[in-house]
2 protein chains.
Amino acid sequence: MTITQLTYVLAVAEHRNFTLAAEKCFVTQPTLSMQIQKIEDELGILIFDRSKKPIQLTEIGNKIVTQAKNIVNESIRIKDIVDQQKGFIGGEFRLGIIPTIMPTLLPMFLNSFIKKYPKVNLIIEELNTEEILTKLHNNHLDAAIAATPLEDEKIKELVLYYEPFVVYVPEQHEFSSQKTIDPNQLDPNEILLLRDGHCFRDGILNLCQRRDNIHPPAFEIASGSFETLIKLADEGLGITLLPYLHTLDLNDKNREKLRQFRDPKPAREVSLIFPKSELKLHIIEALRSVINGVVKGAIAFHDVEIISPLSKK
Amino acid sequence: MTITQLTYVLAVAEHRNFTLAAEKCFVTQPTLSMQIQKIEDELGILIFDRSKKPIQLTEIGNKIVTQAKNIVNESIRIKDIVDQQKGFIGGEFRLGIIPTIMPTLLPMFLNSFIKKYPKVNLIIEELNTEEILTKLHNNHLDAAIAATPLEDEKIKELVLYYEPFVVYVPEQHEFSSQKTIDPNQLDPNEILLLRDGHCFRDGILNLCQRRDNIHPPAFEIASGSFETLIKLADEGLGITLLPYLHTLDLNDKNREKLRQFRDPKPAREVSLIFPKSELKLHIIEALRSVINGVVKGAIAFHDVEIISPLSKK
DNA sequence: AGAAAACGATAGCTTTTATTTATTGAAATG
DNA sequence: CATTTCAATAAATAAAAGCTATCGTTTTCT
């Protein structure tokens, strides 16, 4: 039994297809087939049920895959241990970021980071929270930036900052005359929301549903971008909530329409998250320190109330 | 990097000698040397400091060895998972037993066990508690039978039975007239003890030291066997304490000299212990069930007070 | 139903890697 | 200073992992 064989097993388990798995492993299909057969022979069992299409794991195959993941991950970690000892910060690093954080945070730290750590090959992907968790679990991401807490057993969270919600109120709206707004004043039926799948949307729903047990509004205009929501609000279709960093980009006219919540402001907690296995911890630590550096000046709210990003269905 | 290379690294780390390590791995010394060099090259570091005699681990080498142990253990475990799935109970199984349990318990279960599980190749070693813990930690034992609780983070304990201490009182002694004895009556200075290193000795010292802060007696006659202690007691040199199972072997005349403690009797807790990694759990479970079967009739004390086997130095 | 495509297994061959025996060289021992 | 110990090196061999080409099913698409 070799580590190579185990990685082949994992590839087939993932793609349910020998040919595709072979490609991903950069070997030919016969090579992979034979190595899989070999480990099956050695163990005296079948890992895959080839009679089904697509290929299925056998019962014992499932257990072996779980264990194989362990072994392969731990062996990758040896290289990380060496890198860390050498003080080497480099190599491929795959980072996921949720859409509502991506456009504001990424430009703030990306430049500093790649300058400071030129040997790290950052691969950034915009993904929603659900996709991020899946990809962290199966090791397709090394870390991610998302709203927390996520209550996931296998994920570690390193809080980066707290980002308050800010209300965007068009001129004609009743709130326009208020300096600050109490979350309890919010009417969920008039809030313009991002489309389903965004945790920022879920956060706002959580914030509203606290008031009493109101269900999500009957009619919805849901968009994928805050820009759209702002324009819709300007058209008198309701109000909307923005994460603080987004408000920094507004033009002066629109900025006048912003209203802060009264303290403690509802806010989302934004964290760097990664599997507890802590692979590439040194790069994660580097990322955290760079982000903390650029963010410290821009965003330093403390008297906040953290709103869960999880949908409470 | 291969699992084989990692096992070679572990062998050298353990024996601090390439030639010996090669032997233990059943390969020649050049083979092992070259594979070690290969993994060192691949990682770009030195695992061993060959300038020192005997060979030393480098700082990074130490970390790699820790991680390598993980990987090698987890990979051994794949075979165990398969065995367990197949319901196969067999293969090599190394069991340690402490000296004060060995002669009484082993004959009770060994026959049943090897009949019931003929495919298990039991390798039994008499070792004291300290040696057992070391060997469990570095995987030279699969499990052991010892007095517990041991308060060891990495060891799991499965209680087999509670074995009361019984007092052996020669005829001329004052206790001879009593039916039961209170532990507080014991005078540590007149108790004949096993020689240092036995946890049964430590248990008795713990029992006595509870009374008040008496230190171990100034003079000592310490033997390695209960038979000696009994004869010394008969010579009027003091009294001694025996574990219950040992009293079953006494002849009728000696048996009359036994006195039970009053309830709750002080007792030692005897457990099957093994690393939390739970390698070969199926065999451990088989052992437990066989031992429980034979012991249930012979020894069923419940109203006991467990005395720690650990020396409180 | 029949042709085409998809997909894994097999065969034969090549390359790479692991291991062996024999030898060397350096350090420790006596 | 000779001897022993012990790891490294060299050269040869055995084992394995890999490749190309092909076959045999099964699925999919006319």
Side-chain angles (χ1 to χ4, degrees), chain A residues 1-58 60-62 64-65 68 71-72 75-76 78-79, chain B residues 1-58 60-62 64-65 68 71-72 75-76 78-79:
Chain A
M1 188 179 64
T2 68
I3 295 173
T4 310
Q5 284 169 355
L6 295 177
T7 58
Y8 292 170
V9 168
L10 291 185
V12 175
E14 183 178 346
H15 299 104
R16 312 268 148 161
N17 175 317
F18 277 59
T19 314
L20 182 56
E23 249 173 62
K24 299 279 175 182
C25 294
F26 305 104
V27 292
T28 58
Q29 169 263 316
T31 299
L32 184 134
S33 282
M34 287 179 70
Q35 289 307 316
I36 299 265
Q37 281 178 38
K38 218 170 150 195
I39 190 174
E40 284 181 331
D41 282 359
E42 183 184 339
L43 297 176
I45 42 110
L46 285 178
I47 298 173
F48 298 103
D49 178 354
R50 292 145 170 94
S51 72
K52 297 204 178 103
K53 299 259 161 153
I55 269 181
Q56 289 298 304
L57 281 165
T58 59
I60 177 76
N62 240 310
I64 288 173
V65 164
I71 297 171
V72 172
S75 68
I76 289 172
I78 285 202
K79 295 196 178 87
Chain B
M1 188 180 64
T2 68
I3 296 173
T4 311
Q5 284 169 356
L6 294 177
T7 58
Y8 291 169
V9 168
L10 292 186
V12 175
E14 184 178 347
H15 299 107
R16 313 269 149 159
N17 176 316
F18 278 60
T19 313
L20 182 55
E23 249 172 62
K24 299 279 174 182
C25 294
F26 305 104
V27 292
T28 59
Q29 171 263 317
T31 299
L32 185 135
S33 282
M34 288 175 73
Q35 289 307 315
I36 300 261
Q37 281 178 38
K38 216 171 153 195
I39 189 173
E40 285 180 330
D41 282 357
E42 184 184 338
L43 297 177
I45 43 110
L46 285 178
I47 297 173
F48 299 103
D49 178 352
R50 293 148 170 90
S51 72
K52 296 202 177 107
K53 298 258 162 156
I55 270 181
Q56 289 298 304
L57 280 166
T58 59
I60 177 76
N62 241 310
I64 287 173
V65 164
I71 297 171
V72 171
S75 67
I76 290 171
I78 283 202
K79 296 198 177 84

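Just so it is clear: chains get the letters A, B, ... in the order the sequence lines come, proteins before strands, and each one is counted from 1.
- Residue A:Tyr8 is classed as a sugar-phosphate contact, given heavy-atom separations below 4.0 Å to backbone atoms only.
- Remark: P of D:dA7 and CG of B:Leu46 are 15 Å apart, rounded to the nearest angstrom.
- Separating the NZ atom of A:Lys52 from the P atom of C:dC7 is a distance of 19 Å, rounded to the nearest angstrom.
- Note on B:Asn17: a side-chain N or O is less than 4.0 Å away from OP1 or OP2 of D:dC6.
- Between the CD1 atom of B:Ile3 and the P atom of C:dT17 there is a distance of 18 Å, given to the nearest Å.
- Near DNA chain D, defined here as any heavy-atom distance below 4.0 Å, the residues from residues 22-40 of chain A are A:Val27, A:Thr28, A:Pro30, A:Thr31, A:Gln35, A:Lys38, listed numerically.
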* To do: Evaluate side chain to side chain contact (heavy atoms under 4.5 Å, CB included) for B:Gln35 paired with B:Val9, printing each intermediate quantity in order.
  => CA-CA 9 Å; B:Gln35 289 307 315; B:Val9 168; over 6 Å; no

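- Using a distance-only test at 3.5 Å, with no hydrogens or angles considered, no donor-acceptor pair links the side chain of A:Thr58 to the main chain of A:Phe48.
- Note: CG (B:Asp41) to C1' (C:dT17) measures 14 Å, nearest angstrom.
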* Test side chain to side chain contact (heavy atoms under 4.5 Å, CB included) applied to B:Leu10 and B:Glu14, step by step -> CA-CA 6 Å; B:Leu10 292 186; B:Glu14 184 178 347; over 6 Å; no

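- Taking atom CZ on A:Phe48 and atom C1' on C:dC7, their separation rounds to 15 Å, with Å as the unit.
- Between B:Gln56 atom CD and D:dA7 atom C1' there is a gap of 16 Å when expressed in whole angstrom units.
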* Go through the steps to decide whether A:Glu42 and A:Gln5 satisfy the test side chain to side chain contact (heavy atoms under 4.5 Å, CB included), and finish with yes or no. => CA-CA 11 Å; A:Glu42 183 184 339; A:Gln5 284 169 355; 4.3 Å; yes

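- Formation of a donor-acceptor pair under 3.5 Å by the B:Glu40 side chain with backbone atoms of B:Ile47 is found in this model.
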* Could you check A:Ile60 against A:Leu43 for side chain to side chain contact (heavy atoms under 4.5 Å, CB included), going step by step and ending with a plain yes or no? => CA-CA 11 Å; A:Ile60 177 76; A:Leu43 297 176; over 6 Å; no

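- Between the CE atom of B:Met1 and the P atom of C:dT17 there is a distance of 16 Å, given to the nearest Å.
- Nucleotide C:dT19 holds its C1' atom 13 Å from the CD atom of B:Gln5, rounded to whole Å.
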